[in-house]
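Take a look at the structure set out below.
Quick note on labels: first sequence line is chain A, next is B, and so on, each numbered from 1.
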Amino acid sequence: MRVEVDQPRCVASGQCVLMAPEVFDQDDDGIVELLTDRPFPDQYDGVRESAAVCPAAAIRLEE
Amino acid sequence: MTETLADTSAESPEYPAPRAAGCPFDPAPALRDLQADKPLSRVRIWDGTSPWLVTRHDHLRALLGDPRISADPGSPGYPHTTAAAKSNFRTRRSFITMDDPEHARLRRMVTAPFAIRRIEALRPSIQKIVDDRIDTMLAGSGPVDLVEEFALPVPSLVICELLGVPYEDHDFFQRNTKVLVRRTSTPEDVLAASDALTGYLDDLLSAKRVRPGDDLLSTLATERVDTGQLTRHEAARTGVLLLAAGHETTANMIALGTLALLHHPDQLALLRDTEDPGTVAGAVEELLRYLTIVHSGRRRAALADIEIDGQVIRAGDGVVFAGEVANRDPEAFPDPDRLDLTRDARRHVAFGYGVHQCLGQPLARVELQVVYGTLYRRIPTLALATDVDRLRFKHDGFVYGVHELPVTW
């Protein structure tokens with residue numbers, strides 16, 4: 001799995017940080033930051049759910 | 001063309017539609033029927049126009065996530081909620097009624113304090129506020145009105161701390177907010193309440209410029225207004241939005257959530273008997289889904305023709321989103337009318353969807369986790385002190401809930 005985030009689109013809902021804290025973080029303004037673009041398999045579920053709920057469609061996955 | 005539209009509107013069901021008697025937690029049956037039979041259909045609203053009503057979960061997400069859907073009440077075809085909203089929208093704005101890029105510019109100025117790390121840091125003080133309020137209730141004897149004694153004070157104290165608003169002024173801002181969220185308020189009353197709150201926030205912002213504290217209003221005053229990134233009016237309107245949205249919504253989730261749990265003792269027991277933060281967090285998502293208190297339809301207008309599921313929404317058509325119905329969509333949530341705190345409800349749309357999705361959701365989540373995780377454990381015998389039939393529900397509110405909730409223990 002490969003993850004990409006689109007920071008200009010991010011609206012700082014923070015759900016990705018709650019669902020996959022080892023993969024997503026936030027900068028001082030709450031905007032998404034990627035901790036790794038290659039998550040481990042046990043993080044896939046959290047990453048997929050993050051992409052599914054992101055209100056701004058700012059998370060893209062390649063599987 | 002005009003004739004066709006008129007014909008359509010004559011047959012269209014009226015929106016909003018009433019909930020069924022005796023089913024205070026369930027959306028209006030007429031809207032559930034639309035979801036099953038004609039999920040994209042026209043409804044007739046107060047001014048005689050016929051916007052689309054979106055009732056399915058996948059349609060709602062697709063359209064609210066579409067940049068061709070405008071939140072600007074000045075867009076042609078925009079379906080205003082009330083006459084008051086229609087007459088006031090040009091002068092009393094905040095970023096929730098703007099489109100990008102203006103919306104993004106203003107929203108980003110206030111996202112910092114809602115970052116997960118910052119909100120988690122507030123958890124101990126939220127816990128203390130909740131514990132103090134419960135101590136006060138337990139020191140007296142029941143029955144008490146849970147809305148007045150607990151549901152309203154808790155989020156008001158929290159948002160006051162975050163914004164830097166003196167809690168002593170709570171009667172003033174709670175009273176004026178109530179006018180703003182009531183669908184039956186006259187245009188004059190809404191204008192007066194809105195201006196009173198804007199003036200109040202403007203005064204506070206001026207005071208913060210002179211004597212800044214460690215709070216959001218001080219940051220707005222010193223880092224945004226003084227630098228010319230925000231006008232004083234924009235800053236004051238943003239303050240009004242955060243103050244009003246920051247207490248009224250959560251207060252209703254606390255009171256209505258408690259009522260729903262008292263109606264489902266097995267679910268209440270689950271919360272009362274757990275110490276697992278994950279279980280409590282899951283319960284919060286399910287209560288958000290099940291209750292979906294923002295029940296007056298998010299309003300938008302199409303800026304271009306949009307094809308969806310074999311239908312075409314034309315440029316200039318109004319669109320209304322029934323989130324409380326979408327959150328009961330059986331395609332998205334199996335057995336949707338069942339309150340099941342153990343289900344995975346994370347894809348609910350109680351906070352909306354798209355770029356306007358609730359800014360305060362991280363705060364609301366932590367507040368509700370602390371409240372639901374504490375209240376029933378500390379008062380295990382909590383019970384309703386009246387007949388449910390005697391409760392007054394906020395059918396006429398933009399935000400659903402109960403006006404009072406007499407409880408005892």
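Between B:Q357 and A:P55, the shortest heavy-atom distance links the atoms OE1-CG, 3.0 Å. Taking each heavy atom of A:A56 and B:V355 in turn, the nearest pair found is CB-CG1, 4.5 Å.
At a 4.5 Å heavy-atom cutoff, the contact between A:P8 and chain B is made by backbone atoms alone. Residue contact with chain A, scored on non-hydrogen atoms closer than 4.5 Å, involves the side chain of B:R107 exclusively. For A:C10, the parts lying near chain B are the backbone and the side chain together; criterion is any non-hydrogen pair under 4.5 Å.
In this structure, the side chains of B:R108 and A:I31 come closer than 4.5 Å at one or more pairs of heavy atoms.
In this structure, B:Y353 contributes its side chain and A:C54 its backbone to a donor-acceptor pair below 3.5 Å.
Within 6.0 Å of CD in A:Q7 there are more than 12 heavy atoms belonging to other residues, nucleotides or ligands. Within 6.0 Å of CG in B:D276 there are more than 12 heavy atoms belonging to other residues, nucleotides or ligands. Around the CD atom of A:E62, the shell of radius 6.0 Å holds no more than 12 heavy atoms that belong to other residues, nucleotides or ligands. For CG of A:D42, the number of neighbouring non-hydrogen atoms (other residues, nucleotides, ligands) closer than 6.0 Å is greater than 12.
Within the model, atoms CD of A:Q26 and OG1 of B:T111 stand 8.5 Å from one another, a figure rounded to the nearest 0.5 Å. The line from CD of A:Q15 to CZ of B:R365 is 4.5 Å long, rounded to the nearest 0.5 Å.
When A:E49, A:M19, A:R9 are compared by the number of non-hydrogen pairs under 4.5 Å with chain B, A:E49 comes out ahead. In terms of heavy-atom pairs under 4.5 angstrom with chain B, the leader among A:P21, A:G30, A:A57, A:S13 is A:S13.
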